[in-house]
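Lettering of chains follows the sequences in order, A, B, ..., and the numbering in each one begins at 1.
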There are 2 protein chains.
Amino acid sequence: MDGKGFPPDTAADGDGLERTWLKKLVGYHLRMAHLALYRDFVAAMSDFDLTQKQLAALELIATNPGASQVEIANALSMDRATMMGMVKRLLGRDLIERRASEIDRRRQEIRLSALGEETLNTVHGIIDRHEERFLSVISEHEREELIRLLRRLYERGGGT
Amino acid sequence: MDGKGFPPDTAADGDGLERTWLKKLVGYHLRMAHLALYRDFVAAMSDFDLTQKQLAALELIATNPGASQVEIANALSMDRATMMGMVKRLLGRDLIERRASEIDRRRQEIRLSALGEETLNTVHGIIDRHEERFLSVISEHEREELIRLLRRLYERGGGT
DNA sequence: GCAAAATCGTATGCATTGCATACTAATTGG
DNA sequence: CCAATTAGTATGCAATGCATACGATTTTGC
């Protein structure tokens, strides 16, 4: 069909730059899409100053009160040390509370503070709207397909 | 249908943690998938110490020799200031070279150094294998569909 | 029961990235 | 020619990510 002169995906985007090889990489698109979504996320959360990761942590803590730092960290594929940094920040903002476990005194049980719960409740709606807006360029069916594919990429074999 | 006791997606993953709400968010899966791929990328590149972003920058520079910092930055959705940091690091590692433009003396034209070209050549193969391996859990057709969906998310309307 | 191994929290330090701000030099538009 | 814009630069701050190391505690293996 169309015997036009220019190759299909060889030309650049809007900036006149060539990037044929990059465009073959799923990693490239994954990074760009995540970055775009993340920026929209941050903009939507500007009144609350929460990152994607912090929200995910708060949500996990809310749904699993009393979980330990390591459990939350593992669930989010985070390092113990990295988790510490986040916990400190969230503690400093009074969004969570911490208490040593009575059964296993190594563990620190984490749960939301009253402020944390209140914040999370408000934020839920904001995030839902942010997702709705950001994903409005693809259909409901495509969203499900996208989630399915993404999950397959990171929920690989895995176990022990 | 099945009147079993437990809800379909309410149960947790492998860790016993509940995360129903999070799983509805495309942003959550996008972040997790990107993180997983990124880690695999870093592991694959351990001999070269290049990040995804650095590789993308090098590739763009290679394909568009003489491009300015701002052009590369824009193409990768990067900030001018952030780009500076990366340029400094790449210069420090002798992977790129810089020269003031003779037409527009504000511009710094960037191009790969000999070492940069050599590195990029070697790295291409490594990345191709990394992508092949990481994406082996989904079919060729699914990869294309995934790329298509991701692009739609970040190549939105956009213009001015 | 006890010593060794594993686990959890903690602290430090380092690198990458992202963004805001501000300043200089150069170019472009009126 | 002057004002606005653009490119590069420098600084500083925050969030991550990861490595390493140490103390306290619990669990295992014998």
The bend of the helix from dG1(C)-dC30(D) to dG30(C)-dC1(D), taken between the axes of its five terminal pairs at each end and rounded to 10°, is 40°

Position toward the 5' end of DNA chain C (nearest nucleotide), Thr51(B) or Arg105(B): Thr51(B)

What's Met83(A) touching, base or sugar-phosphate or nothing? Going by heavy atoms closer than 4.0 Å. nothing

Quick check for you: name the first and last nucleotides of DNA chain D, 5' to 3', having an atom under 4.0 Å from a heavy atom of chain A. dA15(D) to dT26(D)

SB check Glu142(B) Arg148(A) (cutoff 4.0 Å): yes

Write down the distance between CZ (Arg99(A)) and P (dG9(C)), rounded to a whole number of angstrom. 14 Å

Partners of Val70(A) by side chain to side chain contact (heavy atoms under 4.5 Å, CB included), sequence neighbours excluded? Ser68(A), Asn74(A), Arg80(A)

Rounded to the Å, how far apart are Ile72(A) CD1 and dC8(C) P? 13 Å

May I ask you to evaluate whether Arg89(B) reaches the phosphate of dT16(C), defined as a side-chain N or O under 4.0 Å from OP1 or OP2? yes

Over all strands shown, is Ile103(A) touching base, sugar-phosphate only, or nothing at heavy-atom distances under 4.0 angstrom? sugar-phosphate

Specify whether Phe41(A) and His130(A) have parallel, tilted or perpendicular ring planes, treating 30° as the upper limit for parallel and 60° as the lower limit for perpendicular. perpendicular

Whole angstrom value for the distance that separates P of dC19(C) from CG of Leu76(B): 13 Å

Could Arg129(B) and Glu132(B) be called an ion pair, given the rule that one side-chain N must be under 4.0 Å from one carboxylate O? no

Looking at Glu109(B) and Arg107(B), does any basic side-chain N land under 4.0 Å from a carboxylate oxygen? no

Return the value, rounded to whole Å, for the distance between atom CG of Asp49(B) and atom P of dT17(C). 11 Å

Heavy-atom side-chain contact between Leu95(A) and Leu112(A) under 4.5 Å: no

Sidechain N-carboxylate O distance under 4.0 Å for Arg93(B), Asp49(B): no

Write down the distance between CG (Asp79(B)) and C1' (dT21(C)), rounded to a whole number of angstrom. 11 Å

With a 4.0 Å cut-off, would you call Glu131(B) and Lys24(A) a salt bridge? no

Within the structure shown, what part of the strands sits under 4.0 Å from Arg31(B) by heavy-atom distance: base, sugar-phosphate, or nothing? nothing

If you find the nucleotide of DNA chain D closest to Ala81(B) and the one closest to Thr82(A), which residue's nucleotide is nearer the 5' end? Ala81(B)

With a 4.0 Å cut-off on N to O distance, would you call Glu117(B) and Arg111(B) a salt bridge? no

Give the rounded distance in Å between these two atoms: CE of Met78(B) and P of dT16(C). 12 Å

Quick one: on DNA chain C, does Glu71(A) or Ser77(B) contact a more 5' nucleotide (nearest heavy atom)? Glu71(A)

Residue pair Gln52(A)/Arg80(A) against DNA chain D: nearer the 5' end by closest nucleotide is Gln52(A)

Quick check for you: among dG9(C), dG18(C), dT16(C), whose closest atom lies nearest to any side-chain atom of Arg39(A)? dG18(C)

Rounded distance in Å - NZ (Lys88(A)) to P (dT10(C)): 8 Å

In whole Å, what is the span from the NZ atom of Lys53(A) to the P atom of dT17(C)? 16 Å

Determine yes or no for a side-chain-to-main-chain donor-acceptor pair under 3.5 angstrom, with Ser113(B) supplying the side chain and Glu97(B) the backbone. no

Within the structure shown, what part of the strands sits under 4.0 Å from Ile110(B) by heavy-atom distance: base, sugar-phosphate, or nothing? nothing

